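What follows is a set of notes on a single structure, which appears directly below.
For the numbers below, each heavy atom of this structure counts, side chains included, while hydrogens, waters and symmetry mates do not. Because the structure is a prediction, the values reported are computed rather than measured.
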Amino acid sequence: MIFTEKLAALCALWAFGLGSKEDYCKELDRLFLENPDDDFLLELENLGGDCAAAWACISPLIQTGINIDKFGKELFHCLEKYYSENCDSRNSLEEFGKMCFELWKSLPANIDQKDPFHTLSYADEPLSWGDEEQSRELFRKMFEYYREFGL
């Protein structure tokens with residue numbers, strides 16, 4: 001079974017509205033063209049772009065079949081891109097925080113309490129008392145976490 005951390009991250013982001021179907025499908029197609037005999041990739045290809053079905057196939061593998069640091073690096077890199085392109089107002093920041101929280105809730109227990117994943121669960125909380133800058137700082141620190149790794 002061929003499976004990459006990048007594919008898992010792109011699927012997770014797509015499933016929670018933080019990424020695109022196109023990015024996920026492009027990576028899946030690339031992997032499938034390189035490995036046309038892989039049954040797992042064929043199964044994903046045959047889902048026809050069904051996000052929920054793809055996430056149902058991929059999410060269990062996050063707990064058992066991937067390098068969490070590589071997954072995190074891919075996930076937070078893409079999250080930062082989404083943030084940069086979409087979070088220019090307090091309202092968009094609040095919506096981003098809600099989507100991050102939903103993503104965090106879907107993560108397996110082996111990583112949901114680890115940094116920076118855990119930050120997904122609370123980075124938007126300062127918005128509730130009007131502190132947009134503190135929320136933005138929490139998100140910035142979350143994005144910077146994996147820059148230290150040479151993965």
- [ ] Report the C-alpha distance between Gln113 and Trp104 in whole Å, list the side-chain angles of each, state the deciding distance to 0.1 Å, and finish with yes or no for side chain to side chain contact (heavy atoms under 4.5 Å, CB included).
- [x] CA-CA 9 Å; Gln113 295 302 309; Trp104 173 78; 3.4 Å; yes
Open item on the list: Please determine whether salt bridge (Lys or Arg N to Asp or Glu O under 4.0 Å) holds for the pair Glu27 and Arg30, giving the CA-CA distance in whole Å, both sets of side-chain angles, and the decisive distance to 0.1 Å.
Closed with: CA-CA 5 Å; Glu27 178 66 7; Arg30 183 190 70 76; 2.7 Å; yes
Open item on the list: Tyr24 vs Leu13, test: side chain to side chain contact (heavy atoms under 4.5 Å, CB included). Steps then yes/no.
Closed with: CA-CA 9 Å; Tyr24 165 79; Leu13 293 167; over 6 Å; no
- [ ] Could you walk me through whether Leu79 and Leu120 pass side chain to side chain contact (heavy atoms under 4.5 Å, CB included), step by step?
- [x] CA-CA 10 Å; Leu79 271 177; Leu120 292 166; 3.8 Å; yes
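Under the 4.5 Å side-chain heavy-atom criterion for ILVMFWY residues, no single connected hydrophobic cluster contains both Tyr122 and Met142. Cluster membership check: Leu7 shares its hydrophobic cluster with Leu103, using side-chain heavy-atom separations under 4.5 Å among Ile, Leu, Val, Met, Phe, Trp and Tyr.
Aromatic pair Tyr83/Phe96: ring centres closer than 6.0 Å.
Ring geometry, Phe117 versus Tyr146: the interplanar angle exceeds 60°, so the pair is classed perpendicular (tilted spans 30 to 60°).
When all heavy atoms are compared, the tightest approach of Leu10 to Cys78 is CD2-SG, 4.0 Å. Taking all atoms of both residues into account, the shortest heavy-atom contact from Trp55 to Ser106 is CZ2-OG, 3.6 Å. Of all the heavy atoms in Leu127 and Glu94, the pair that sits closest is CD1-CG, 3.5 Å. Counting all heavy atoms, side chain and backbone alike, Asp124 lies closest to Phe139 at N-CZ, 4.2 Å. Nearest approach of Tyr145 to Pro116, heavy atoms of both residues: CD2-CD, 3.3 Å. Minimum heavy-atom separation, Tyr82 to Met99: OH-CE, 3.2 Å.
Side-chain contact between His118 and Ile111: absent, with no pair of heavy atoms (C-beta onward) separated by less than 4.5 Å. A 4.5 Å side-chain heavy-atom check between Leu28 and Glu45 finds at least one atom pair inside the cut-off.
Note that CZ of Phe143 and CZ of Phe76 are 8.5 Å apart. Values are rounded to the nearest 0.5 Å. The CG atom of Asp88 sits 11.0 Å away from the CD atom of Glu85 when rounded to the nearest 0.5 Å. Atom CD of residue Glu80 and atom SG of residue Cys87 lie 11.5 Å apart, to the nearest 0.5 angstrom. The line from OG1 of Thr4 to CG of Leu31 is 4.5 Å long, rounded to the nearest 0.5 Å. Atom NZ of Lys114 and atom CD1 of Ile68 lie 6.5 Å apart (nearest 0.5 Å). One finds the CG atom of Leu75 at 13.0 Å from the NZ atom of Lys6 (value rounded to the nearest 0.5 Å).
Using a cutoff of 4.0 Å between basic side-chain nitrogens and carboxylate oxygens, Glu137 and Arg140 are scored as salt-bridged. Between Glu74 and Lys70 there is no salt bridge, since no side-chain nitrogen of the basic residue lies less than 4.0 Å from a carboxylate oxygen of the acidic one. Using a cutoff of 4.0 Å between basic side-chain nitrogens and carboxylate oxygens, Glu102 and Lys105 are scored as salt-bridged.
Although no hydrogens or angles enter the test, the distance criterion places a donor-acceptor pair under 3.5 Å between the side chain of Ser135 and the main chain of Ala123. Formation of a donor-acceptor pair under 3.5 Å by the Arg147 side chain with backbone atoms of His77 is not found in this model. No side-chain donor-acceptor contact under 3.5 Å links Ser121 to the backbone of Phe101. No side-chain donor-acceptor contact under 3.5 Å links Asp131 to the backbone of Pro126.
Each of Asp38, Leu42, Leu44 was compared with Phe32 under the side chain to side chain contact (heavy atoms under 4.5 Å, CB included) criterion, and only Leu42 meets it.
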